[in-house]
Structure formats: structure tokens, C-alpha cells
Amino acid sequence: MASVSAPSQAAPSPAASLQRGIVKMVLSGCAIIVRGQPRGGPPPERQINLSNIRAGAMARRAAQGQPDSKDTPDEPWAFQAREFLRKKLIGKEVCFTVEIKTALGREYGMVYLGRDTTGENLADTLVTEGLATVRREGIRGNNPDQARLCDVEDQAKASKKGLWSEGGGAHTIRDLKYTIENPRNFVDSLHQKPINAIIEHVRDGSVVRALLLPDHYLVTVMLSGVKCPTFKREADGTEYPEQFAAEAKFFTESRLLQRDVQIILESCPNQIILGTILHPNGNITELLLKEGFARCVDWSMAVYTQGAEKLRAAERSAKERKIRIWKDYVAPTANLDLKDRQFVAKEKNKDKDKRFRPLYDIPYMFEAREFLRKKLIGKKVNVTVDYIRAATGPGESTPAFSERTCATVTIGGINIAEALVSKGLATVIRYRQDDDQRSSHYDELLAAEARAIKNGKGLHSKKEVPIHRVADISGETQKAKQFLPFLQRAGRSEAVVEYVFSGSRLKLYMPKETCLITFLLAGIECPRSSRNLPGGTQVAEPFSDEAMMFTKELVLQREVEVEVESMDKAGNFIGWLHIEGVNLSVALVESALSKVHFTAERSAYYKTLVSAEDACRLRKEKIWANYEEKPVEEVVHVKEAKERVANYKPVYVTEICDTLHFYTQDVETGAQLENLMETMRAEIAAQPPVEGAYAPRRGDICIATFADGEWYRARVEKVESPARVHVFYIDYGNREVVPSTRLAAMPPAFGIRTLPAQATEHAFAYIQVPQDEDARADVVDCIVRDIQNSQCLMNVEYSGATCPHVTIQFGDTKDDAGLGLVKEGLVMVEVRKEKHLQKMVTEYLNSQESAKSARLNIWRYGDFRADDADEFGYRR
């Protein structure tokens, strides 16, 4: 038992004057610490022991560094006595008289709750509740206070209260746990849920010792996101407080010490438990910052669960008022007007620094670049300038940097930096604690990085680093020769424009072929930029810079399609580049930034190029500003009364039927269809339709998922059952039988009123389709191989019963596809009697005679067109 009666060598105080104070801490059931009022710093404090009584001793941990010492448990009812006083006194004003002061300075006296002795006598109350015993040895009979305590104790014994109850009080002894075997698992097991606790000790303003209830874990908790001035311990054991350390400690003590609180244990890095203490009167973390007793720390801010922006705002408030630790704070000078700090920008290319390793060799750099490129290129973004980093000179291991504007970029409310970090494609820069030049969303970046590390994303993954083996064949003539046949056969290939050297010279990344190539635009002659030559610098031609900027704005770092036709002696590929249905060569000519080259005459785009050039020449724009038209003798052309009209237009063949009918899309509206599809799919992804909610009916225009998992516009042709619905894809011409669960109602904004159905049905002119199934299958296979999914030129020759009859020319050679079928002996000629078509009919008949003479395919047994022709599946 802890004895608090006066020792024999103690002398009574000459005058027991009444004193007052506020209870700071309850040490046990018979000892308290009281403090005075703070005046310019932490107030004085003293320990008062209750006279004439004793209460159970509290548990004590074994002394550190003494292997023979052991933990001392609670004595029965000791914790209950301490708790009884704690709940009654902490933070309350009491008055006391010091009766005895020992030679060692310990003080014993009577303590009353309130401002005078009329208040509750704490010794009487403890004895009455059976939580303390009376020290009867040395009692003087003439002392009424001692006599009263003896009477009260006898009554408690009779009532069997507390210490006097049956059983000895073993159930009141706590099972204190001073250490936790695996702190991280312990913290994770609580799932950041608030846990009841009592703050037992305050080490400094931001570190406390807490008793977790009801399991009685005694843990040290550091406040997440902040750090207060601390007490530095020297080698000899003496402590020296940092400036404002004592004030910060008192600030926390006066609000939390021995209070009932709730603690959220948030993380446990390096065996340090981080948490947030919740009290009904407020969050101590925010209060410390607001009053200038603490500063934000980045390394633990990421785990703070109550809103990091509140902590930053509280710290800013203290900095602005320059209080306490911020009294000498000087805000960084802003070198940017407020109106220039926020603006809307359009994302352009990211400049490259050749001093760094190649984009494809640095781990995850390519993935990071692709993420930004796909998210930002060509999009409008919101830019908030956070700070401007001054230029720096070169160091031993760091290059020189020019002045850099550092900003937060958002698109659609999404912070791009945060998205990049959360995917593990970037890491957060760590700053010095006093460096305020950082992102305005720095805490969100730290939290995103913590999530990426926890989930093993990207750079933080334990998987093997992705390797990109990219062959750079720019200027490599031999390698280019090896690649040329593959690129020519591939037709239109996907590419990403990596760099623009001039208006018509680009560097492309081919993802399918995993190579880098230099690409020259075919069919045009672009103004040349300035170049360094062995004999000196070649002066730039007029409008060369404008042409280069035009090309950059249109295609740099965008996904394009290219058609490779040939290559030059330097290993550069020559061909056509398309972006969203726009031919870049044509676009440059239309903008009067390029002229048509004679090599374009054999291309499918020659007429379009010449037409665009003529229009610019007439307007005398840009490169045509000084053009003077040469006089041309007028030639009168006499036209026949009626001729076959050859008006070939570019189309894209999307589907070929068994009947040799086929469907095409108009190339001119291809970009509109792609934009509509992209927008429609984005809207569907944002608000997916409910599966099975749509009931299809014949003739409905709806949307359907194809085998590739994408949504397309379709028309319901027949409903056999919910599991078998016949649909026709109105933009591509193919048909499919699907379950109704793959269908959904057409969003009104994407119906045929917005953009009509793009697939148009046609049939071959001047051709009879074989009736024999095998012969017809051969024709279909041949024509599928030649023109399906390719761009061709089409001319309407005459109308048919169900659709127009047309001739089709290949896009590159301009050969007639139908005439080719006749020459191969795969089909027969349908003779037309219209006068203006006779020239074409004659050409087809001559080709048929040649095939018949060579006994090709259907003519291999001679001319079968006799009376029994129907027997073999043919008829005239």
C-alpha cells in the first residue's frame, strides 16, 4: 500500500493556509498534482498527498537497463481509486491546506473540491467508497478529522465497500501490456476505427503515452501529420528544450492529459505508431498548428485520415499571424501575378532533353508518357501555377536547369499528377521541411503514393520491369529496306508521331512493328526549314516555320494512320499520313503551306490535291501570294450529246455479301462516324445500360455489342426469341444473330438524325454472278481478299432494282476490280444496251473473250453457254 501519513521526522507547518490550484494529474488514489494559472509560459506545479489515508499502489514497469527488476502489478482497487479521483478532479479547481512537509519536500494535506473548505473532502470520500484505508498508527484522540475518518472507515467495512468487499479484489488488478509484439499488425487489425483511451503521459506537444481500453495496452502515439518542438537529451542525461517545446507540451497537457479520448491508430512505419486523437472539444492536431506550436510534416501527412487540407490551412493561418514558431517566418516572394496563376491551356508536346536516357529504356517512363499523352494531348486543361523554381547551375551529378514554372494540371476535375502517382508511374519529391515551394495538392500526392506502394502499382511493383525493345531505323538504309515490304503489305498502319522536323518530315513510333522510322509526306513539296550543311547554313524558305507549326498542332504525339508507298536513298519512308480522317498532305495544300508534287499523279489523292492547290492559288494565300497566272489559250471542247460520267469518289469497303453485293462508307464522313462512336461509347461507359432491360422490336434502331466488346449502331431485322435477335449494323453492313442482353436502346443524341446510317449497299456493274455455289464462293473469296476493309474509288454506272451498280477501282493502281474478275474468268459479262455504256461493255466483252480463249476458271471446259447451261448452274 502507498502510505501517505506523515513520517515521524516531519514537522507540521506553522500555519496551514488555504491554497488553490487546478488538478493537472492524479498519480494514485491518494496523490495528485496541482498547477497554478499560466502567466507567460507553463505554470508552476506541485504534488499534494492526502493526509491520514493510504490507497493501493499503481502498477510500475521494470526499470530499463536493470535485468533483475520486474514489472510491479496494480494493488487491489488501486486503479479504481485512481480512476475515481481522475474523473472527479482532472481540470477542476481545488483548494488545499498543507499540514506536513517532509525533509525531502513531500507535502501532505487536506484537499477539497471547489474554492473553499465547504467543498467535498476527498479523503473522506475515498474512505467512504472503500477505496482507501485510514492510517490509524499515531492517531491523536483530540484530532476531529482523524476521528471522523476512522468512523467513516468502520461504516465502509460494515457495508463491505471496495477494499472491504469479499474476494480480496483480485478482479480489480489490470493486465497491463507495455509492449506489442507486432505493432503494424496490431494497428492494421483496428482498421482505423476510433478506440477509447486515456492519455497517461505527454512527452512533448505531439507525442503522448496512452492507455487503450478495454484491453489496457500502454502505447506511445505520435500525432499524424505534425511535429512539435522537442526536448533534446544530452549524453549526460540532461534535457534541453527547443524553443516553444515547453509551451507546446503544456498546451497538449492542459487539454488531453488524463482525459477520456478516442484515438484513431492510422499507421505504423518503423515501429512508430501514428494516430489522431479525437476529443469532444476539438482535434488537438489542428489546434497545435493553428496556435503555432507545430508544423506539418510530409512523411506522416499521407496517413492522416481527417483531411490533410485542414492541417495545411491551420499552418497557413499561424504563418500569416507569425506566432510562436513562425515569428520569424518570411513568405516566399511571389513572382507571378494572381491573375496569371490560373489559366486554361491546351496540352501540347512535352519537350525532350537528349541528355537523359531514351524514353524506351528508363523503367516505366514510356508507360508514364503514354498515360499523359492519351489523357492530355489536344485536350483543354486547367493549370494552377504553384510556384516558379529559379534557374540552377550544373552540379557534380545534376544538370543545369532553366527557370521552371511548376503547376497543378487538372482535366475534368482530375489532378493529373495525382493520377500518375496513384498508378505508380511517378514518385513524389521530398522537400526540406522549411521549403514551402511545393504543389498546392502535395498531401493528396503523398496519399496517392502511399496507396500505390500498398497496392504494388507500377514502380512499386515486385514484378519484373517491362522492357520495350524498340528498333530505331531512322536513317538506317539497310534496316529500312528490310522493313519496307512489311509496311507496304500492311496497308494502313497505326503510328504515334514522336517528333516533327518540318512540315512534311516526321519521326514515327510504330507500336505493332515496335520501331521508330523517319516518315516523309508523299505527293507534296513543303517549304524547307533552315539546315546546317557542310558549306554553311541553308536559309529557311518562306512559310517553312508556319508549315512546321501547322503539322505540330495537328499531329504531334497523336495517334495516326500511315500508308507507306516507298523509301528514299537515306532510308526515310514515303507515304500518306491520316489523322481522324484527314490526309495531312491534303491539309497542308488546303492551308496554302505546300505545293503538289508531280509524284502525286499516280495516287488516289491527286484530284483532291490539285483541287485544293487551285483554290489556294486563286486566293493567292501564303506561298501563292506572289503567284502570277500564265495566260492560257482558250480551247473549246466539244462534248458528245451523252457520255458515260466517270466521277470516282473514295469509299471504304466494309462488308461483302455472298450475293456479291457489298457495303461501303464514304471516306469524307469517316471522321464524323469515328467521333460519334467515341462520344457514344464514352457516354455508355459513364452510364451503362441495364442488361436485359431493352425489349427489341423489328425495325428498331438500337445499339449492340459486337464480338470485340464495343457498342455499335444497329437495326433489328427479326426477333425469333430473346436469345436470337437478327441485327444489321447500319454503319458497317454486316449482320449478326445476338441475344437481347447484348442490345440496348439507342441514346437519342447518337441516332440516325444526328448522323445517317453510313453503310450503303452496292452491286458490281457489267457482271453476272455465277449461280453455281462453288464458282460464286471463288468470286467472293477473291473480292474479299482484294477490296474488303480497304479504301477504293467508286463510280455509279447505272441504277439497279435494289441498289446502284458501280465500278470499283483499287486505290493504288486504279485497276478496275470488276474487270479483273472478268479477266480471271471468274464471272461473265452482263451486256447493257445503253449507248453511253457501250465503250465499257466492249472492254468487258473483249476481256471475257481473252479469258475464254485461255480457258480460265469457269471457261476451263470451253464455252458452256448452250441449251443445257442451266444444268451446270450458268445461264446467259
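Computed from heavy atoms alone, side chains included, the values below leave out hydrogens, waters and symmetry copies.
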I'd like to check [X] versus [Y] (side-chain heavy atoms, cut-off strictly below 4.5 Å). Are they in contact?
X    : Y    : result
I524 : V589 : yes
P194 : I263 : no
Y694 : C702 : yes
L506 : Y499 : no
I752 : M746 : no
E315 : K290 : no
K423 : E367 : no
L376 : R373 : no

Distance-only, no hydrogens or angles: does the [X] side chain make a donor-acceptor pair with backbone N or O of [Y] under 3.5 Å?
X    : Y    : result
R430 : V428 : yes
H468 : V470 : no
T514 : P511 : no
T679 : N675 : yes
Q665 : D731 : yes
S461 : K457 : no

- Gap between atom NZ of K319 and atom CZ of R312 - 0.5 Å precision: 8.0 Å
Think [X] forms a cation-pi with [Y], using NZ or CZ under 6.0 Å from the six-ring centre and within 45 degrees of its axis?
X    : Y    : answer
R255 : F251 : yes
R681 : Y712 : yes
R295 : W326 : yes

- Task: Would you check, one step at a time, whether the test side-chain contact (heavy atoms from CB on, under 4.5 Å) holds for F573 with L520?
- Result: CA-CA 6 Å; F573 294 96; L520 306 179; over 6 Å; no
Would [X] and [Y] count as having a side-chain donor-acceptor pair, cut-off 3.5 Å?
X    : Y    : value
E563 : H578 : yes
T410 : N415 : no
D204 : S206 : yes
E266 : T305 : yes
T705 : E710 : no

- Query: How about F366 and Y509: are their ring centres within less than 6.0 Å of each other?
  - Reply: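 Between Y509 and F366, which both carry aromatic rings, the centre distance is below 6.0 Å.
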- Query: Between F706 and Y729, does the ring centre distance come in under 6.0 Å?
  - Reply: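 Yes - the distance between ring centres of F706 and Y729 falls below the 6.0 Å cut-off.
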- Query: Can you list the steps and then say if E498 with R369 is a salt bridge (Lys or Arg N to Asp or Glu O under 4.0 Å)?
  - Reply: CA-CA 11 Å; E498 291 285 346; R369 196 289 299 267; 2.9 Å; yes
- Message: For G205 versus T252, what's the shortest heavy-atom pair and its separation?
- Response: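 Minimum heavy-atom contact is O-OG1, 2.8 Å.
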- Please check if atom CD in E674 has more than 12 non-hydrogen atoms from other residues, nucleotides or ligands closer than 6.0 Å.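 More than 12 heavy atoms, drawn from other residues, nucleotides or ligands, come within 6.0 Å of this atom.
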- Message: Show, in sequence, the C-alpha distance, side-chain angles and deciding distance for K512 and S493, and conclude whether the side-chain contact (heavy atoms from CB on, under 4.5 Å) test is met.
- Response: CA-CA 8 Å; K512 187 177 179 181; S493 303; over 6 Å; no
- Message: For R505 and F519: C-alpha separation, side-chain torsions, deciding distance, then whether side-chain contact (heavy atoms from CB on, under 4.5 Å) applies.
- Response: CA-CA 6 Å; R505 188 166 178 262; F519 188 81; over 6 Å; no
